[in-house]
Amino acid sequence: MTTTTSPDTFPNGFLWGGATAANQIEGAYSEGGKGLSIQDVMPHGIKTPPTDGPTPDNLKLEAIDFYHRYAEDIALFAEMGFTVFRFSIAWSRIFPCGDEETPNEEGLVFYDRVLDELEKHGIEPLVTISHYETPLHLARNYGGWMSRELIGFYERYCRVLFERYGERVKYWLTFNEINSVLHFPLMSGGILTPKDQLSQQDLYQAVHHELVASARATRLAREIMPTAQVGCMILAMPVYPLTPDPADVVATMHTAHDSYAFGDIHCRGQYPGYLLRRFRENGIELEITDQDREDLTHTVDFVSFSYYMSSCETGDPARKVTSAGNLLGGTPNPTLQASEWGWQIDPQGLRVVMNDYWERWQKPLFIVENGLGAVDELVEVDGTKTVVDDYRIGYLNDHLVQAREAVADGVELLGYTTWGCIDLVSASTAQLSKRYGFIYVDRNDDGTGTLQRYRKKSFDWYRQVIATNGGSLQ
Ligand code: BGP
């Protein structure tokens, strides 16, 4: 395990908890008046085309049944000492098609109940407004975020959420991993056109619409909930030059710009020069209205991000490799080990990315995803079923140590939520066997299992970390 060089600890009031997304935990895909979302037709994750409708092999249709078991699950989070819980609201529970005038009351009531439960345990909610869950109707009938009309639908959805939950929810995230739309147009942008048939023009227009929608949500939040804090959410994957060759360094800069652009716009309120240049040189002419420009000036209060891994970049096409397991691709780093799914494990990269973002944007940061997807084995220890997940403890410990280093470097960090604090369905592969949780859920990739919950060894470890505000880290 990495050792810390600093005696500093996390700030007082630091928020500790876990993160989830509606489509990966709730199930009940057609209950409570919910409409279909794109996830209901994505049974095998991001690598395969969508199906015509929901199919029995789609684990997300039932997921881990949080829809019916939320009280039990939140009680377990409370037992670990969570002070924050990140979850998303399923847009298609509130607006089943996405383009209705009035919301579905039953959907709103479900989240009232979730918030009641969190309040009961003194857990602060952190709400993602859109986490890879565009209503399917918007994807099929409008072309997803390629259509400007989605800005209005999203704004209406936000207004409903802010008016309904504004007094109970302080922290909001507009779009999960907004930069991922460049890589996964369906999952992140509700765009059914296969990526290889999608023009850069259409893709960046969709990006623009999401960015404007995010800024409008921020403005609306300030009007309706003056004390709310709105953050953008970025998939952070630091990219290193494969060699000291300046050509590799320049290639690295270009790849890094893909992610920086989203933070730059959210934090500075305008398009950066390097992106405008890319548009010019590739014949991309976006429709950007004066109103859009004004909207974009409503910048976020904080920057949240997911962090799992880093990768390398090279300017030499012969050396460029896209390793199969990597979320965004990228050339593997020869100095790092990878997870069972090929994600390269790099705790120090977290410190690097935190310093980088802080220096670039000068906005408080929030780590809203970090964790290890691994195969777990349920075993019996002293008569109790559990998982001895020392590998997960090691991963999280080492990342938290580096986060603490970054705090000692002067980075302002609001909190930390591990990804998939309870086992859930994977976003990229739609498996349940890729487990992240402190809580094991008895459900298998073939759909069998009792859905019963079991505390893993990491459950007690995390409780200790929270109780000591990180003091127990090694
Ligand atoms: C992020 C997503 C999450 C989550 C996580 C882990 O990209 O925001 O929804 O799933 O990655 O990825 P996976 O589930 O593919 O292992």
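For the single chain, residues carry numbers from 1 onward in sequence order. Note that ligands are numbered from 1 as they come in the structure, with each ligand's atoms numbered from 1 the same way.
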*For ligand 1, which atoms sit closer than 4.0 Å to a heavy atom of Tyr436?*
6 (C), 12 (O), 13 (P), 16 (O)
*Hey, is Trp419 touching ligand 1 through its side chain, its backbone, both or neither, going by heavy atoms under 4.0 Å?*
side chain
*Can you find an N or O of Ala427 that's nearer than 3.5 Å to an N or O of ligand 1?*
yes
_Tyr132 N/O under 3.5 Å from ligand 1 N/O_ = no
_Tell me whether the NZ or CZ atom of Arg455 lies within the 45° cone about the ring axis of Tyr440 and under 6.0 Å from its centre._
no
*State whether the side chain of Asp442 and the backbone N or O of Thr450 hold a donor-acceptor pair below 3.5 Å, judged by distance alone.*
yes
*Is there a donor in the side chain of Thr252 and an acceptor in the side chain of Thr255, or the other way round, less than 3.5 Å apart?*
no
*With a cut-off of 4.0 Å, which atoms of ligand 1 are near a heavy atom of Asn176?*
2 (C), 8 (O)
*Salt bridge check: are Arg463 and Asp460 linked by an N-O gap of less than 4.0 Å?*
yes
*Kindly identify the option in Met187, Glu369, Gln24 whose heavy atom sits closest to atom 2 (C) of ligand 1.*
Glu369
*asked:* Out of Ala430, Ser188, Ser428, who is nearest to atom 15 (O) of ligand 1 when you count heavy atoms only?
replied: Ser428
*Atoms of ligand 1 less than 4.0 Å from Ser426 heavy atoms?*
13 (P), 14 (O), 15 (O), 16 (O)
*Quick one: look at Leu235 and ligand 1, take heavy-atom pairs under 4.0 Å, and tell me if it's side chain, backbone, both or neither.*
neither
_So, regarding Trp343 and ligand 1 (criterion: nitrogen or oxygen to nitrogen or oxygen, under 3.5 Å), is there a contact or not?_
no
*asked:* Whether Asp65 and Arg69 form a salt bridge (side-chain N of Lys/Arg under 4.0 Å from carboxylate O of Asp/Glu) is what I want to check.
replied: yes
*Which atoms of ligand 1 have any heavy atom of Lys434 under 4.0 Å away?*
13 (P), 15 (O), 16 (O)
*Would you kindly say whether Tyr132 and Ser180 are connected by a side-chain donor-acceptor distance under 3.5 Å?*
yes
*Donor-acceptor pair, side chain of Tyr165 and main chain of Leu108, under 3.5 angstrom*: yes
*Would you mind listing which atoms of ligand 1 come within a distance below 4.0 Å of any non-hydrogen atom of Tyr308?*
5 (C), 6 (C), 11 (O)
*asked:* Assess, by modelled atom type and distance only, whether the side chains of Trp419 and Gln24 contain a donor and an acceptor separated by less than 3.5 Å.
replied: no
